Amino acid sequence: MSAVFDELTWRGLVANSTDGAALAQHLEAGPVTFYVGFDPTAPSLHMGNLVQLMVARALQRAGHRPLLLVGGSTGLIGDPKAAGERVLNSKETVAGWVGTIQRQVERFLDFDGPSAARLVNNLDWTSGMSVLDFLRDIGKHFPVNRMLAREVVKARLEEGISYTEFSYVLLQSMDYLQLHRTYGCTLQFGGSDQWGNITAGVELLRRSDGQHVHALATPLLTKADGTKFGKTESGTVWLDPAMTSPYAFHQFFLHAEDTKVIEYLKVFSERSRADIDELEHQVVEAPHLRAAQRALADDITALVHSPAERDAAVAAAAALFGRSDLDQLPESTLASVVAELAAPVLPVGGELPGVVEVLEASGVVPSRSAARRSIAEGGAYLNNNRVVDPDARLVQGDLLHGRFVITRRGKRTVGAVSFERG
RNA sequence: GGCAGGUUGCCCGAGUGGCCAAAGGGAGCAGACUGUAAAUCUGCCGGCAUCGCCUACGUUGGUUCGAACCCAACACCUGCCA
């Protein structure tokens, strides 16, 4: 049995695999070159992609060689999803996203040493290919009746599916073929929603080259209510700090439900089994301390952003949710909290703005009407004091250290504004 | 190409001339209870200069004192026929 396959299984990262025993043996026999692909459908990867990166890290730690594919060509086509036909992105847009995603991905793996990772782009072997070669060499191995039987395709037959999306599976399968021929790649993995595309590649290799290769799928992470994990009120949790701040990222994981936190910890933390067992024990014994949630949020933030960003997020949360009065905090602490919250800087001209304006400017409410609603509901705070009068204005004494105001809506939506020094 | 039906707020979905910023459900937010958790109950849920005004019911134009609702054209979608 393979240690790394055992570990992946224990971490709950194996939802599906081709012959498990054979795969475990293969991983044990020596360094395996494996690949995982990311399609550029947005300017950044998100939390869902992180699951794949964690698997890639685990495999590389065990001595296997990663090929990280960014789909410069598949991103131009779009894989079919049940929700309906995608809108095509322009070639320039996709090319731009390929670059940003490559830069994101390479931070997670080691590009030196015997198990060095390598970046590949499927545009390199598809852009110059002729339609006739594609249809003869690849298309010939795909029975349409089999393609029609796939779940995603079946789901779309009623409402319709373009030939473009229908053909996606051929491109991804060709990637596996190409990477096997060029680099001897014998394992592909991806999210369980990719399972159909992945096994199609395995089958293409068998039909075309008579090669038997392996595949693995990770499970889709869900919340306690069964919905997809990775969305917040403000949308997807991105890895790009400009799209999801390290503080928001940290908070997202801190909010994990008790019933799910251990599952997430196994996936996103590289702590040992003993450590995680201990945290699981703590969830039962002292749930209110949320030790597992803190460990999860700290580990993942340090990995995706940096230990310094993790510390800043922890310090910001401690200041905002801690017991001490905000005006007791040193100016330097507040300044970094305010920076962490991406607080806008307001000019100090004449009299100070009203509370409604401040709540809106800090971003805790989307509009002034919403700010007034929050105040009426008793859920709006300035510097941890509940706001009661929607027509009140700030006074000089409200400014912490003469320039900061911390805003909050409800219990956990926090923002800030700062004022220019007068 | 012909015939029939459809296009409503984040999503689903009622509404067929004034009582419609638009029923109901879901999602979301807040309050209470907690642990920055879950469950439950209650309230909110287009914008603004908030007892009023503005913008909205596929698009454009028309009828009317008044239109999400009637008429016309256009766009897109669905079903049946060719």
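In what follows, every heavy atom counts, from backbone to side chain, and hydrogens, waters and symmetry copies are set aside. Values in this document were obtained by computation on a predicted structure and should not be read as measured data. Here is how names work: the chains are called A, B, and so on, in the same order as the sequence lines, proteins then strands, and each is numbered from 1.
Across all strands, A/Ala376 comes closer than 4.0 Å to no nucleic acid atom at all (heavy-atom distances). Base engagement by A/Arg290 is indicated by at least one non-hydrogen atom pair under 4.0 Å involving a base atom. The residue A/Tyr381 sits close only to the backbone: its heavy atoms come under 4.0 Å of sugar-phosphate atoms, none of a base. Backbone-only contact: A/Arg386 has heavy atoms under 4.0 Å from sugar-phosphate atoms and none from a base.
Judged by a 6.0 Å distance limit and a 45° cone about the ring axis, A/Arg403 is not positioned over the six-membered ring of A/Phe419.
Residue A/Glu257 has its side chain nearest to B/A38 when only B/A49, B/U36, B/A38 are considered. When distances are taken from the side chain of A/His255 to each of B/A37, B/U36, B/C45, the shortest belongs to B/U36. Which of B/C45, B/A30, B/A37 sits closest to the side chain of A/Arg373 comes down to B/C45.
Across all strands shown, B/A37 forms no Watson-Crick or G-U wobble pair with both distances under 3.5 Å. Figure legend. B/A30 is base-paired to B/U42; pairs are counted as Watson-Crick or G-U wobble with both atom distances under 3.5 Å. Of all nucleotides present, only B/C71 satisfies the Watson-Crick or G-U wobble test against B/G61, with each distance under 3.5 Å. Across the strands present, B/G1 finds its partner in B/C81; the criterion is a Watson-Crick or G-U wobble pair with both atom distances under 3.5 angstrom. Pair assignment for B/A23 gives none, since no Watson-Crick or G-U wobble pairing has each distance under 3.5 Å. Remark: B/C76 base-pairs with B/G6; criterion is Watson-Crick or G-U wobble with both hydrogen-bond distances under 3.5 Å.
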Practice item. Under the side chain to side chain contact (heavy atoms under 4.5 Å, CB included) rule, what do A/Leu359 and A/Ile375 come out as? Steps first, then yes or no, please. Key: CA-CA 10 Å; A/Leu359 287 166; A/Ile375 293 169; 3.9 Å; yes
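A sub-4.0 Å separation between OP1 or OP2 of B/C29 and a side-chain N or O of A/Ser374 is absent. Look at A/Ser369 and you'll find a side-chain N or O under 4.0 angstrom from OP1 or OP2 of B/C48. The shortest distance between the side-chain N/O atoms of A/Thr259 and the OP1/OP2 oxygens of B/A38 is not below 4.0 Å. Side-chain N/O atoms of A/Arg408 include none lying less than 4.0 angstrom from OP1 or OP2 on B/U36. In this model, the phosphate group of B/A37 is not approached by any side-chain N or O of A/Tyr264 to a distance below 4.0 Å at OP1 or OP2. Proximity of A/Arg412 to the phosphate of B/A37: a side-chain N or O atom is located under 4.0 Å from OP1 or OP2. In terms of phosphate contacts, A/Arg372 brings a side-chain nitrogen or oxygen within less than 4.0 Å of OP1 or OP2 of B/U50. For the pair A/Arg409 and B/U36, the criterion of a side-chain N or O lying under 4.0 Å from OP1 or OP2 is not met.
Residues A/Ser44 and A/Asp240 have side chains that never bring a donor and an acceptor to within less than 3.5 angstrom of each other. A side-chain donor from one of A/Asp258 and A/Gln293 sits under 3.5 Å from a side-chain acceptor of the other.
At whole-Å resolution of the value, CG in A/Leu320 and P in B/G35 are 19 Å apart. In this structure, A/Glu360 places its CD atom 19 Å from P of B/C29, rounding to the nearest Å. Protein atom CZ of A/Arg368 is 24 Å distant from nucleotide atom P of B/C44, rounded to whole Å. Between the C1' atom of B/U36 and the CZ atom of A/Phe253 lies a distance of 16 Å, rounded to the nearest Å. Between A/Leu289 atom CG and B/G35 atom P the separation is 10 Å, expressed in whole Å. Nucleotide B/A37 holds its C1' atom 15 Å from the CG atom of A/Leu265, rounded to whole Å. Residue A/Asp391 contributes atom CG, which lies 8 Å from atom P of B/U50 at whole-angstrom precision. Distance CD (A/Gln293) to C1' (B/G35): 9 Å, rounded to an integer number of Å.
Taking the P atoms as reference points, B/C57 lies 14 Å from B/U7, given to the whole Å. With both ends at atom P, the span from B/C76 to B/G15 equals 28 Å, rounded to whole Å. On the C1' atoms, B/A82 is 42 Å away from B/U64, given to the nearest whole Å.
Mapped onto RNA chain B by nearest heavy atom, A/Gly410 and A/Pro366 fall at different nucleotides, with A/Gly410 at the one closer to the 5' end. Heavy-atom nearest nucleotides on RNA chain B were determined for A/Gly378 and for A/Pro287, and the one closer to the 5' end corresponds to A/Gly378.
The base of B/G43 is paired with the side chain of A/Glu377 by a donor and an acceptor separated by under 3.5 Å.
Between A/Phe253 and A/Tyr264, a ring centre-to-centre spacing not shorter than 6.0 Å is recorded.
A syn base is found at B/C51: its glycosidic angle is within 90° of 0.
Note that the CZ atom of A/Arg61 and the CD atom of A/Glu270 stand 4.0 Å from one another [nearest 0.5 Å].
Ring pair A/His46/A/Trp238 is perpendicular by interplanar angle, where above 60° counts as perpendicular and below 30° as parallel.
Among residues at least two apart or in separate chains, there is no side-chain hydrogen bond (donor to acceptor under 3.5 Å, both in side chains) pair with a member in residues 306-319 of chain A.
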